[in-house]
Amino acid sequence: MVIMTSQLIIILNKKFWFFDMKKQRARLMFLTVGAASLVGTALIAGILASLPTVAPAAEKNEVNLYSYRQPGLIKPFLDEFTKRTGIKVNVTVAEKGMLERLKAEGRNTPADMVLTTDIGRLSAIADAEMLRPVKSEVLERNIPAHYRDPKGVWFGLSVRARVLFVSKDRVRPGEITSYEQLTDPKWRGRICTRSGKHVYNISMLAAVIAEKGEAEAQKWAAGVRENLARKPQGNDRAQAKAIAEGVCDVAIANTYYMALMTTNKKSPEQQKWAAATRVVFPDLNGHGTHVNISGAAVTEHAKHPANAVKLLEFLSEDFAQQMYADQNFEYPVKAGVPLNDLVASWGKFKPSTLEISKVAKFRPLASRIMDRVQFNK
Amino acid sequence: MAIPVATIVILAMSSSDDIWAHLLSTVLPEYVMSTIGLMVGVAIGTVIIGVGTAWLVSTRDFPARRIFEWALLLPLAMPGYVIAFVYTDTLEFAGPVQGALRELFGWSSPRDYWFPEIRSLGGAIAMLSLVLYPYIYLTARTAFLEQSVTLLEAGRSLGRGPWRNFLTLAVPMARPAIIVGLTLAMMETLNDFGTVDFFAVSTMTAGIFDVWFNMNSIAGAAQIATLMLLFVVVLIVAERWGRRRQRFHQSGARVGHRPLRPLSGSNRYLAFLACFLPLALGFIYPAAVLTNMAFGEASSDALDGFFSAAANSLTLSGLAAVFAVAIALFLGYGMRLYPNRVLAVAGRFSSLGYAVPGAVLAIGVITPLAWLDNSVDGFARSYLGISTGLILSGTIVAVTFGYVTRFLALSLGAVETGLGRITPNIDGAARTLGHSPLSVLRRIHIPMMRGSILIAVILVFVDGMKELPMTLILRPFNFETLATQVQQFAKAEQFADAAPGALAIVAVGILPVILLSRVIPTRRQ
Amino acid sequence: MTGLLIEDVQHAYDDTTVLRGVSLSVGAGEIVCLLGPSGCGKTTLLRIAAGLERLQSGHVSVGGVTVADGTRFLMPEQRGVGFMFQDYALFPHLTIQQNIEFGLDGLAPSAKEKRVKEVLEQVDLVGYGAGYPHLLSGGQQQRVALARALAPEPGVLLLDEPFSGLDETLRGQVREEILVILKDTGVATLMVTHNPEEAMFMADRMMVMGPGGTILQSGGPSDVYTQPTDEFVASFFGQINKLTGTVENGAVESLLGSIATPELENGLPVSIIIRADGIEISPDGSAGRAITVTSARPLGRSTFVRFSVVGEESDGSELRCRLPGLHADLVGQTMFASVIDGHAFVFPKSGKA
């Protein structure tokens with residue numbers, strides 16, 4: 001094919017030499033034609049090669065998912081869904097650029113549904129008007145109102161609390177009970193956390209803004225920064241590790257990491273880190289512990305909206321909710337679904353009733369405050 | 001090919017509100033300083049390692065020299081994010097090194113002693129230098145091999161010692177080649193996110209993602225990316241300048257077979273050590289750690305879909321390599337046939353893609369592709385009453401297109417260097433013997449630049465195997481490559497399960513590297 | 001029939017004009033040499049003839065067919081013009097055989113083989129076909145380049161400085177061989193060189209091109225040598241003495257005596273060019289001016305002598321000449337010098353000079 005193309009170019013080329021005296025244009029033409037035919041050939045070859053994946057899916061019993069969540073974590077859910085309904089789930093996972101891809105694809109997007117690990121991403125997609133409202137009694141029954149969008153555009157599926165891991169040896173029970181106390185000078189050089197710019201920390205600071213206003217929140221962030229034992233780094237597990245190693249005494253982290261470490265049979269190391277620490281559910285402004293949600297929504301231009309709603313409903317029902325609890329060690333949104341034993345052993349806590357959509361709104365501001373206080377420096 | 005980069009520049013033109021004022025007054029100075037610090041550090045590191053080892057293996061004889069000739073390229077196959085992970089594991093508090101030190105000196109907590117923090121700017125510089133020096137080694141070695149022996153002998157006869165000869169003659173003569181390699185290394189440094197993110201170094205790349213996701217401003221992110229492109233433009237001007245000089249060089253000097261100078265006594269071992277150290281640190285140790293993990297700790301999950309992912313990786317990298325080189329040949333040969341400013345600028349511009357972080361470039365790819373798809377679809381809907389849907393977006397065509405845009409700098413550089421070595425009279429001779437330009441390309445240039453083309457193919461292929469951020473965004477449904485699998489396991493903190501994939505990327509990278517090494521010494525006849 | 005016809009070719013690179021209205025023709029079987037200093041545009045002219053450089057203005061035809069003019073441009077591969085490059089431009093990745101076959105694409109394999117054998121015989125390289133170019137000596141490479149250019153039996157052969165890559169001893173031998181081959185094949189040949197001796201040796205007809213990109217003189221080699229019509233042409237063949245003077249009564253008075261200038265006006269300031277071998281010196285003073293020899297360097301066949309004129313006409317400048325035979329002992333001697341008849345060339349002083 002490439003050879004044919006080259007022949008064509010030769011012929012065209014000759015013609016232009018003979019008849020077109022504007023040689024600059026002829027040259028550009030030669031190259032444009034050359035490059036275009038090359039790219040064209042590539043595209044045709046590519047389309048032929050990939051037709052099965054792009055063939056119109058209207059009649060197919062499937063649903064297409066753009067996921068921010070790692071495939072390993074969602075696969076068991078989706079397999080079960082397929083087993084029960086016969087609907088095949090196609091997944092593409094990416095943390096960055098999904099929103100832009102959705103926007104660019106516009107009305108032709110293949111995505112029926114998006115799945116995210118936090119409210120920030122979900123609300124950004126909602127703000128870009130890439131989602132459609134869903135009216136479903138099942139969803140409304142299963143998911144408490146403050147964990148879903150009032151207009152039914154997005155739905156929280158599991159709750160994750162951002163808590164404190166504290167050293168069993170060096171921090172007495174009751175010594176710290178609130179986020180506000182993190183700025184107390186007694187913790188100078190004793191606090192660890194991951195990057196201040198990580199979505200989890202941004203959401204946490206956004207919650208502080210929602211509760212106490214910008215000025216107080218900035219003071220709080222600066223205070224926490226003052227008390228850091230080291231430059232923010234690593235992930236949440238690395239903070240528990242740092243406590244185990246004696247680098248710091250208090251760490252900010254998500255609950256399920258504690259469970260993941262405790263139950264990690266492959267890495268006895270991590271069990272040691274977990275053993276050295278204790279979970280504390282801190283309070284924020286008297287309204288309870290800051291929580292984030294993982295959630296999902298149906299896209300504006302979904303080709304299989306009915307299937308997408310089915311999947312959404314499936315994820316809110318007992319079976320999936322129990323998996324969120326047992327496999328991911330998160331807190332199920334559906335009332336009455338029992339917690340995982342290990343998670344339950346950390347004790348009951350009061351999740352903040354702050355509307356999750358408010359937290360989302362303050363994220364850009366939270367990011368700026370992190371910059372202003374030079375949190376990561 | 002220039003479209004994705006242009007898209008980013010266009011994106012940057014939309015308003016980003018007051019983000020710049022905010023950034024300027026807070027973190028931007030730090031971003032810029034870290035970026036410059038990183039670039040300067042990596043430049044120094046890669047030049048010292050790359051030029052030093054290239055000089056040793058091309059002019060001196062010492063134990064295992066023949067093995068080092070090719071083995072020194074191996075770190076090229078090691079992804080930056082993998083080596084960063086391996087060294088963090090080794091050198092952090094709980095790692096074996098500090099553990100052994102504590103054991104030895106009876107320390108117990110980190111407050112008892114000082115140890116260099118691996119998660120730092122210095123750490124990032126070290127990691128990137130270890131995996132990027134082969135670019136300079138590759139170009140510098142070729143230059144040293146092609147250097148006129150008589151010039152260097154003249155230097156010696158004028159009373160310069162070997163060391164001064166090296167610094168004042170050999171290195172300056174090889175400068176254009178070194179700059180070519182350095183430009184590639186610098187562009188890789190700029191587009192790196194994995195390593196700096198892992199080490200919590202706030203470079204401009206880190207800033208891009210912060211502005212993009214936390215401040216929801218793709219425009220602001222594109223603006224920082226465009227600012228970074230300025231860095232690259234400086235690099236490219238430097239490279240152009242180097243290339244021009246190189247052409248001059250090639251026509252001048254006659255090449256003689258350079259006798260290797262045998263080293264004596266302890267110098268032999270010093271030379272051995274100088275070559276062994278970067279190889280050991282940049283390849284052998286991390287590969288050993290990975291192997292150990294892959295065979296010792298990995299669970300059966302690790303092999304789930306491993307083969308299809310490997311097949312996808314091979315296909316994509318192969319396609320990208322073929323197209324990137326074909327397009328580079330077209331562009332390079334086009335510029336040779338019709339030297340033309342517009343074309344030259346277009347070529348340069350499209351190779352900027354290499355310096356843009358993959359995720360950002362992916363937006364530059366998806367936006368125009370989807371626009372094209374939607375336009376075709378709109379046309380079909382209104383005139384034919386049918387919907388064609390997305391023809392290109394979300395297919396391997398999109399991913400391949402992305403790879404080609406990203407790696408065109410590699411192939412174009414290699415192809416241009418190769419073409420530059422062929423005197424225009426060769427073209428003239430072939431043309432007057434009755435052959436058309438394309439026939440000349442096929443029968444004369446391509447066979448004559450086999451070496452350069454192979455280098456181009458290999459560089460793109462190896463980089464394609466490692467590519468992660470673009471693949472994530474552009475890929476079709478249910479599509480995994482080795483790199484995305486590694487990332488997936490690593491995200492889930494199943495590092496041991498990530499090892500087989502990482503090892504496979506490295507292993508696939510090694511094969512062409514060895515092939516490459518077989519090409520270089522024999523390239524001059 | 002005309003092999004190559006070039007008419008009124010103008011050419012410029014960016015703002016620099018290198019050819020100004022050059023016209024020339026080469027007949028079948030004829031060897032025309034274009035002689036000129038480096039950088040005068042001769043190679044550009046060859047490249048234009050071959051189609052390697054785009055014609056900007058003028059007209060080029062090969063074998064009576066227009067290959068380039070204002071509206072037409074035939075690609076080099078369609079012109080049937082052979083080109084031999086200064087650096088030979090042999091394809092390093094092909095064997096000698098393959099190099100020569102490269103221009104024979106249209107032929108059947110057996111015909112190809114036959115033709116390659118023929119040209120290899122012609123250039124006396126039978127048995128070298130399987131080797132690669134880098135294994136050959138300079139002279140052999142040059143003959144391969146010629147064989148390759150001749151293999152497709154082009155109507156016109158263009159040679160760009162064909163002997164410049166060879167050392168002195170080889171050069172004489174190779175050009176004799178090549179002259180024979182060219183004469184044998186009868187191809188119309190245009191050769192470019194900056195070496196006057198080479199040009200005179202090869203040429204049936206010779207053209208001298210000046211640094212301004214124009215042809216200053218053309219004609220048979222000995223005509224051009226003995227009757228230069230231009231100061232530049234006269235000076236181009238080896239070492240010269242340049243004197244000045246003014247025409248008075250149909251003659252000009254020079255350091256070495258009066259030179260007749262019947263065609264020039266009275267009072268015209270002129271340059272006088274006398275080649276080094278156009279001066280005779282002898283111990284016997286009947287014909288010439290008295291001189292003192294300042295240096296004498298034996299060269300083999302002749303001795304290179306520098307001298308100054310004795311007497312009030314002398315302006316102290318030194319002149320040079322070649323004296324046949326070996327004379328090492330002349331320094332300091334007084335001798336007598338005169339211009340050999342017809343070896344002094346007088347030209348009106350050019351405006352610029």
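Chain letters run A, B, ... following the sequence lines, proteins first and then strands; every chain starts at 1.
With a 4.5 angstrom heavy-atom cutoff, A:Thr109 touches chain B only via backbone atoms. Of the atoms belonging to A:Lys88, it is side-chain heavy atoms, and not backbone ones, that fall under 4.5 Å from chain B. With a 4.5 angstrom heavy-atom cutoff, B:Leu319 does not touch chain A via any of its atoms. Looking at A:Val89, only its backbone comes within 4.5 Å of chain B, counting heavy atoms on both sides. Contact of A:Leu260 with chain B is not made at all, since no heavy-atom distance falls under 4.5 Å. For B:Ala359, the part lying near chain A is the side chain, with the backbone staying farther off; criterion is any non-hydrogen pair under 4.5 Å.
Across A:Arg230, A:Arg121, A:Arg107, A:Met370, the residue that shares the most heavy-atom pairs under 4.5 angstrom with chain B is A:Arg107. Taking chain A as the reference chain and counting heavy-atom pairs below 4.5 Å, the highest number among B:Ala370, B:Pro368, B:Ala362 is found for B:Ala370. In terms of non-hydrogen atom pairs under 4.5 Å with chain A, the most contact-rich of B:Val27, B:Val322, B:Asp373 is B:Val27. Taking chain A as the reference chain and counting heavy-atom pairs below 4.5 Å, the highest number among B:Thr484, B:Thr471, B:Val211, B:Leu474 is found for B:Leu474.
With rounding to the nearest 0.5 angstrom, the CG atom of A:Asn90 is 14.0 Å from the CZ atom of B:Phe479. Within the model, atoms NZ of A:Lys231 and OG of B:Ser202 stand 5.0 Å from one another, a figure rounded to the nearest 0.5 Å. Of the inter-residue distances, the one linking A:Lys96 atom NZ with B:Met470 atom CE reads 13.5 Å to the nearest 0.5 angstrom. Within the model, atoms CD1 of B:Ile363 and CZ of A:Arg101 stand 10.0 Å from one another, a figure rounded to the nearest 0.5 Å. B:Ile366 CD1 to A:Glu105 CD: the interatomic distance, rounded to the nearest 0.5 Å, is 5.0 Å. Here the straight-line distance linking atom CZ of B:Phe209 with atom NZ of A:Lys197 works out to 14.0 Å at 0.5 Å rounding.
Of all the heavy atoms in A:Pro232 and B:Ala200, the pair that sits closest is O-CB, 3.6 Å. Between A:Leu65 and B:Phe477, the closest heavy-atom pair is O-CE2, 3.4 Å.
A donor-acceptor pair is defined here as one N or O able to donate and one able to accept, closer than 3.5 Å; no such pair exists between the side chain of B:Arg475 and the backbone of A:Thr92. A donor-acceptor contact shorter than 3.5 Å is absent between the side chain of A:Asn108 and the backbone of B:Asn374. Formation of a donor-acceptor pair under 3.5 Å by the B:Thr367 side chain with backbone atoms of A:Ala104 is not found in this model.
With a 4.5 Å cut-off on side-chain heavy atoms, B:Trp212 and A:Glu100 count as touching.
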